[in-house]
Amino acid sequence: MTDTVLILDFGSQVTQLIARRLREDGVYTEILPCTAAPDRISALTPKGIILSGGPNSVALADTPRAPDVVFELGVPVLGICYGQQTMCQQLGGQVVPGDEREFGRADVQVKSPSALFEGVWEAGVDYPVWLSLGDRVVALPEGFSVIATSSGAPFAAIADEARGYYGVQFHPEVVHTPDGAKLLSRFAKTICGVVGDWSMEAYRERTVAAIRAQVGDDGKVICGLSGGVDSSVTAVLIHEAIGERLTCVFVDHGLMREGEAEEVIKLFGGQYNIPLIHEDASDLFLGRLDGVSDPEEKRKIIGATFIDVFDKAAASIDGAGFLAQGTLYPDVIESVSASGGPSVTIKSHHNVGGLPDDMDMELVEPLRELFKDEVRALGRELGMPENLIGRHPFPGPGLAIRIPGEITPEKCDILRKADAVYLDEIRNAGLYDEIWQAFAVLLPVRTVGVMGDARSYDYVCALRAVTSTDGMTADSYAFSHDFLTRVSTRIVNEVKGINRVVYDITSKPPGTIEWE
């Protein structure tokens, strides 16, 4: 059995980054909500436990605490931010509310040697971190000592070396803490004694086995296939697990990119020879979206309609009791409490937040634990073509969330053409693989322009391109002025209905990658 490090989620928006950093280092992790039952925690026989950060205040009586079993298993524990604070309070220390919350870059100075720092940080040296400070530890539990401080956090890092308990008031999982991944590796491999032999090959084998166990010997699965990376890897993985008992259903909701429907049918119905049902439901989707402008309502309408179409398709497949979706970690983080923990909802996703409670099929979500780049790695492990695996992400609701305001067939056609021109120029410039995601947005704004000798009054098109590693944070891509001018000229000249083009340079955070 693979050694496991358990992460208990207290609601941090970056909890899954802890798992990501450890998996990159070959350490298998599982995430459970901080409310998980003691027997569920014990059943994993973890070699170590990490308590994540969170948005709450330990100083309040009704906020989450670590289950007592965490400190009864006799394994090392690492508390991060909120995790450090609740560990201190539960073990006899004292935590008080801070006057104000502090977030951002800071320097910590190592005060004494520690197993957590050995080979990474030296005593007496300052190191950059990403500090997160709300409540403040003012008294340590018995057996603990301070091993690092900062100007704003006198208890920036603490340790009880005898029991293998550690707490840090900064986030080692984010890239803004340059040595953070090394510290997590020290905790997992040296302090917890994890072998670190987890790999994407191992994930593939474990997930195939899990799919077979969930579906059983006779169960049939239908998979929502969009042609994007997530649903494509989901389909190929499930096909490997259960073969012809998988049927892919391609729902054409009329919100696809140019030529995408034809590509999906050719690839999966032809190259992969996976049973494929093509449901052209574009009139149904666009009809239900008619007059709707609220983005959350759009997503929920699309999610509900998606399930309606799937129920109809399932009725034609005798015994299909399972619905497969390519839900990823970032979807879960931004939609609901991560793994059931007390996180803050940012926005819903059609494949997690919009599903009806009375859905007739059981969900199969084999990618739910993965980030986008890990999905691509899994696709390569499955031998899938690089031109598919390297494709930019495309949201399940499609163009619906790239048309702020009301959606019409005319707007969809205009946006499809503009988006195709934009991506064509990106590929021509050899930039496609440098960019995480690029797309056009049709704004609900008309402006005056001059086309030839005539006045025009047409839509504004916004262009978006970002760089990222996991979709959790992103920066705008720095195109040259010549490139943007060339794209703008082509769109205005070739796409009827647009007379102005702008470029979005907002990072994530504070913005999101998509506009809705």
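No experiment lies behind these values; they were computed from the predicted model shown.
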Can we call the ring centroids of [X] and [Y] under 6.0 Å apart?
X	Y	answer
Trp121	Tyr127	yes
Tyr165	Phe71	yes
Tyr432	His392	yes

Where is the tightest heavy-atom contact between [X] and [Y], given as atom of each residue plus distance?
X	Y	value
Val466	Ile435	O-CG2, 3.4 Å
Leu370	Leu328	O-CB, 3.6 Å
Ile7	Ala19	CD1-N, 3.5 Å
Val146	Phe155	CG2-CD2, 3.5 Å
Gly124	Gln109	O-NE2, 3.8 Å
Asp504	Arg464	OD2-CD, 3.2 Å

TODO: Run the numbers on Val96 and Asp135 for side chain to side chain contact (heavy atoms under 4.5 Å, CB included), then give the verdict.
DONE: CA-CA 6 Å; Val96 299; Asp135 294 345; over 6 Å; no
Measure from the side-chain N and O atoms of [X] to the backbone N and O of [Y], and report whether any donor-acceptor pair falls under 3.5 Å.
X	Y	result
Thr63	Leu60	yes
Gln437	Pro393	yes
Ser185	Ala181	no
Arg136	Ala153	no
Thr177	Asp179	no
Ser232	Gly228	yes

Flag the pair [X] / [Y] as yes when at least one side-chain heavy-atom distance between them is below 4.5 Å, and no otherwise.
X	Y	answer
Leu6	Leu32	yes
Val108	Gln169	no
Phe10	Arg65	no
Val110	Ile147	no
Gln325	Val364	no
Gln90	Val70	no
Lys372	Ser468	no
Met200	Arg380	no

Task: Criterion side-chain hydrogen bond (donor to acceptor under 3.5 Å, both in side chains) on Thr467 and Asp475, from CA distance to verdict - done: CA-CA 5 Å; Thr467 57; Asp475 292 313; 4.8 Å; no
Salt bridge check, [Y] against [X]: does any charged N sit closer than 4.0 Å to a carboxylate O?
X	Y	answer
Glu374	Arg23	yes
Arg391	Glu260	yes
Glu516	Arg299	no
Arg427	Asp424	no
Glu381	Arg204	yes
Lys189	Asp25	yes

Open item on the list: For Ile505, give me all partners under side chain to side chain contact (heavy atoms under 4.5 Å, CB included), at least two apart in sequence or on another chain.
Closed with: Ser476, Tyr503
Measure the [atom1]-[atom2] distance between [X] and [Y] for me, rounded to the nearest 0.5 Å.
X	Y	atom1	atom2	answer
Asn56	Gln85	CG	CD	10.5 Å
Asp160	Leu140	CG	CG	10.0 Å
Ser42	Leu73	OG	CG	5.0 Å
Thr207	Glu240	OG1	CD	10.0 Å
Ile41	Leu44	CD1	CG	8.5 Å
Leu431	Leu423	CG	CG	11.5 Å

Task: Derivation and outcome, side chain to side chain contact (heavy atoms under 4.5 Å, CB included), residues Arg490 and Tyr422 - done: CA-CA 9 Å; Arg490 277 196 63 188; Tyr422 183 34; over 6 Å; no
Task: Greater than 12 external heavy atoms within 6.0 Å of Glu122's CD - done: no
Task: Aromatic ring pairing Tyr203/Trp198, orientation class (parallel under 30°, perpendicular over 60°, tilted between) - done: perpendicular
Open item on the list: Can you tell me how the ring of Phe187 sits relative to the ring of Tyr166, calling it parallel under 30°, perpendicular over 60° and tilted otherwise?
Closed with: perpendicular
- [ ] Evaluate side chain to side chain contact (heavy atoms under 4.5 Å, CB included) for Ile401 paired with Ile302, printing each intermediate quantity in order.
- [x] CA-CA 11 Å; Ile401 58 172; Ile302 290 170; 5.8 Å; no
Open item on the list: Could you check whether Gln16 and Glu173, counting side-chain N and O atoms only, form a donor-acceptor pair closer than 3.5 Å?
Closed with: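 Result is no, nothing qualifies.
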Task: Verdict with supporting geometry, Glu161 and Ser114, side-chain hydrogen bond (donor to acceptor under 3.5 Å, both in side chains) - done: CA-CA 8 Å; Glu161 302 282 357; Ser114 168; 2.7 Å; yes
Open item on the list: Taking the cut-offs as 6.0 angstrom to the six-membered ring centre and 45 degrees off its axis, would you call Arg376 and Trp436 a cation-pi pair?
Closed with: yes
Open item on the list: For the residue pair Arg20 and Phe371, would you count it as a cation-pi contact if the rule is NZ or CZ under 6.0 angstrom from the ring centre and within 45 degrees of the ring axis?
Closed with: yes
TODO: Carefully, step by step, assess Cys88 and Ile158 under the rule side chain to side chain contact (heavy atoms under 4.5 Å, CB included).
DONE: CA-CA 10 Å; Cys88 281; Ile158 59 175; 3.3 Å; yes
